[in-house]
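Data first, discussion second: the structure below is written as structure tokens.
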There are 2 protein chains.
Amino acid sequence: MAEPNQSLPVDLFIDLDRSGPVPLYFQISSRIEQAIHDGTLPPGSRLENEVALGNRLGLSRPTIRRAIQELVDKGLLVRRRGIGTQVVHGKVSRGVELTSLYEDLERSGQKPDTRVLSTEIGEADERMAEELGVEVGSPVLHIKRLRSAGGVPIAILDNVLPADFTDIDLGDLSKHGLYQLLRARGVTMRVAKQRIGARDATAHEAGLLDIPKGSAVLTMSRTAFDNSGRAVEWGQHCYRPDLYSFEMTLVER
Amino acid sequence: MAEPNQSLPVDLFIDLDRSGPVPLYFQISSRIEQAIHDGTLPPGSRLENEVALGNRLGLSRPTIRRAIQELVDKGLLVRRRGIGTQVVHGKVSRGVELTSLYEDLERSGQKPDTRVLSTEIGEADERMAEELGVEVGSPVLHIKRLRSAGGVPIAILDNVLPADFTDIDLGDLSKHGLYQLLRARGVTMRVAKQRIGARDATAHEAGLLDIPKGSAVLTMSRTAFDNSGRAVEWGQHCYRPDLYSFEMTLVER
DNA sequence: GAGTGGTCTAGACCACAGA
DNA sequence: CTGTGGTCTAGACCACTCT
């Protein structure tokens, strides 16, 4: 009863698109992920071994391996040498991908809303210079926003951007996310380093977030880098802890 | 000045061990990581292209690719098609691997210390059953601990383990970490799903953590799975926010 | 011994960026 | 056009787990 299922065929492996832009390994991993989410591959069940899967699909083993590895990295599958590949137990099957309650609100029809508190072009102080990797005193764009959903305040967003972005269209900030605007300018985020913590809210923060003075806020500070490795944004955010949390999956490497 | 360095040779690629148990791609990625941390490869500098690197080291391209990919996943390198591979800017080079201030304390000589508050073998309630993937009413081991460093309380740890571990040696809990004990029993953690949040401390928690009643605590709840995909542990922890935070690196996939 | 994943090779063609 | 990373093939040998 420890290993309830033998290897499953998973018939849904027809119609691979070899000419389109979608990589084969991605097509495979998507199909397997779908099979896990809809219960075709229940928790604990074993996958076919890599070689057999490759033969049956007419693909080479490295391609199959990469497809499976994608799902191992996502925390959906577990592999053991000499044993095989199994689906992870737990309510993994659905809903665990969400990163925050904010997205829950967004999905449930609550429209996110942003109020720009202030924008200012100033000079980088020591801390900003360090975080962004620029010279002290170089021009930076400092943005403070209040993010709400369904009329309820959720987070205070404090961001600093290097000189290149001082000409950003500030009017768009109330309509689009900062990352959305940067992407529209051709910037693609690739790496972010962040720290999550907590502290008591200041009186000002408590007022903005509509919570009792001195109660807890969840904090996150993050520096993001684009695809050339250059710092693009440094943000210090604080969230209403009853409306926001961070969810993640860790995989042993 | 945007691209300050051309590709660097990085001479330190001799003495590869082809017979030992350490994979070649790991030997390569370790050497590159070392070169980044000691400044041989400064932020923004470009690596040699994959083919040239492979030829010079006498390795195939897939092996080189895998080595580089390891560091891309760690957030140390960034790749662009048609451009090349570059070292990420920022103080990335060192010190960002630490996961928490707790480890800072540990490194600075403050010995971590654990006090077992209570251990109890009980029946799984609905929540525990759901998190651990066991039947409601099945036996579970419930452990509560207080973790300190240098005599200062840092975290309250509340853990629930399934039936298999009810015979764990509870005396060891004050001397070793829970994960350490599980590993000694042959259990290897592979996947963990966790949620980080914040809230006001209860009076009881405030007393244990030696903080003012009602001030903020950082919370983390986690379910861990072993290499067969089975849930092994469910924990609900709360931390003193002035002594603990979570640091992580995100990479766009 | 049989079956599995882990590693590695030596090529190939393609998509994209820049001069 | 050249140079780069992204994908893919068709094999090979090894280490590990279980029977």
Side-chain angles (χ1 to χ4, degrees), chain A residues 2-3 5-8 16-30 45-73 77-87 186 188 190 226-229 252-253, chain B residues 2-3 5-8 16-30 45-73 77-87 186 188 190 226-229 252-253:
Chain A
E3 315 293 336
N5 295 291
Q6 290 306 320
S7 62
L8 298 184
L16 288 172
D17 178 11
R18 295 190 95 98
S19 58
V22 181
L24 290 173
Y25 73 84
F26 187 83
Q27 297 182 43
I28 301 297
S29 68
S30 298
S45 62
R46 273 180 45 202
L47 251 64
E48 278 182 273
N49 72 68
E50 299 172 342
V51 187
L53 209 45
N55 289 338
R56 202 156 58 75
L57 300 177
L59 295 175
S60 69
R61 189 180 166 203
T63 302
I64 298 293
R65 259 189 87 71
R66 172 144 188 199
I68 293 177
Q69 190 60 43
E70 294 276 318
L71 300 181
V72 171
D73 290 343
L77 296 177
V78 169
R79 290 204 272 198
R80 281 181 292 173
R81 191 190 306 213
I83 305 287
T85 305
Q86 284 177 291
V87 179
T188 53
R190 287 300 262 281
D226 67 7
N227 56 11
S228 75
E252 186 73 13
R253 328 207 84 245
Chain B
E3 315 293 335
N5 295 292
Q6 290 305 321
S7 62
L8 298 184
L16 287 173
D17 178 11
R18 294 190 95 100
S19 58
V22 181
L24 291 174
Y25 74 84
F26 187 83
Q27 297 182 44
I28 301 297
S29 68
S30 298
S45 63
R46 273 180 45 202
L47 252 64
E48 279 182 272
N49 71 68
E50 299 173 342
V51 187
L53 210 45
N55 289 338
R56 201 156 58 74
L57 299 178
L59 295 174
S60 69
R61 189 182 165 202
T63 302
I64 299 293
R65 259 189 86 73
R66 171 142 188 199
I68 294 177
Q69 190 59 44
E70 294 275 318
L71 300 180
V72 171
D73 291 342
L77 296 177
V78 168
R79 291 204 273 198
R80 280 181 292 173
R81 190 188 302 209
I83 304 286
T85 305
Q86 283 177 292
V87 180
T188 53
R190 287 301 260 281
D226 68 6
N227 57 11
S228 74
E252 186 72 13
R253 329 206 84 244

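The sequence lines fix the lettering, A, B, ..., with proteins before strands; numbering per chain opens at 1.
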- request: Classify the nucleic acid contact of R61(B) as base, sugar-phosphate or nothing, counting any heavy atom under 4.0 Å across all strands shown.
  value: base

query: Looking only at side-chain N and O atoms, does Y25(B) come under 4.0 Å of OP1 or OP2 in dC8(C)?
result: no

message: In whole Å, I'd like the distance from the CG atom of L53(B) to the C1' atom of dT9(C).
response: 16 Å

- request: Run the numbers on L24(A) and D17(A) for side-chain contact (heavy atoms from CB on, under 4.5 Å), then give the verdict.
  value: CA-CA 7 Å; L24(A) 290 173; D17(A) 178 11; over 6 Å; no

task: First locate atom CZ of R80(B), then atom CD of Q86(B), and finally report the distance between them rounded to the nearest 0.5 Å.
output: 5.0 Å

Under 4.0 angstrom between R80(A) side-chain N/O and dC16(D) OP1 or OP2: no

Pairwise distance OH(Y25(B)) to OG(S60(B)) - rounded to 0.5 angstrom: 13.5 Å

First encountered from the 5' end of DNA chain D, between V22(A) and S19(B): V22(A)

query: For the pair made of CD in Q27(B) and P in dT7(C), what is the distance, rounded to whole Å?
result: 12 Å

- request: Find the distance between CD1 (I64(A)) and CG (L57(A)) and round it off to the nearest 0.5 Å.
  value: 5.0 Å

query: Counting just side-chain N and O atoms, does R79(B) come under 4.0 Å of either OP1 or OP2 of dG6(D)?
result: yes

salt_bridge(E50(B), R65(B)) N-O dist < 4.0 Å: yes

- prompt: Between N227(A) (CG) and dT4(D) (P), how many Å, whole number?
  reply: 18 Å

- line: Between CZ of F26(A) and P of dG6(D) the distance, given in whole Å, is 16 Å

- prompt: Can you check the I64(B) CD1 to dG6(D) P distance for me, whole Å?
  reply: 14 Å

- request: Give a yes/no answer on whether the side chain of R66(B) brings an N or O atom under 4.0 Å of OP1 or OP2 in dC8(C).
  value: no

- prompt: Between dC13(C) and R18(A), is there an OP1 or OP2 to side-chain N/O distance shorter than 4.0 Å?
  reply: no

task: Could you say whether T85(B) or G58(A) is positioned toward the 5' end of DNA chain D, judged by the nucleotide with the nearest heavy atom to each?
output: T85(B)

- prompt: Under 4.0 Å: is that the gap between some side-chain N or O of T63(B) and OP1 or OP2 of dT7(C)?
  reply: no

message: Between C1' on dG5(C) and CZ on R46(A), what's the gap in Å once rounded to a whole number?
response: 12 Å

query: Starting at CD1 of I28(B) and ending at C1' of dT7(C), how long is that distance when rounded to a whole Å?
result: 14 Å

message: Applying a 4.0 Å non-hydrogen cut-off, can you work out what P23(B) is touching in the nucleic acid: base, sugar-phosphate, or nothing?
response: sugar-phosphate

Interatomic distance where CD belongs to E50(B) and P belongs to dG11(C) [whole Å]: 17 Å

field: Contact under 4.0 Å: N49(B) side-chain N or O vs dT4(D) OP1/OP2
entry: yes

field: 5' precedence on DNA chain C between V51(A) and R81(B) (nearest-nucleotide basis)
entry: V51(A)

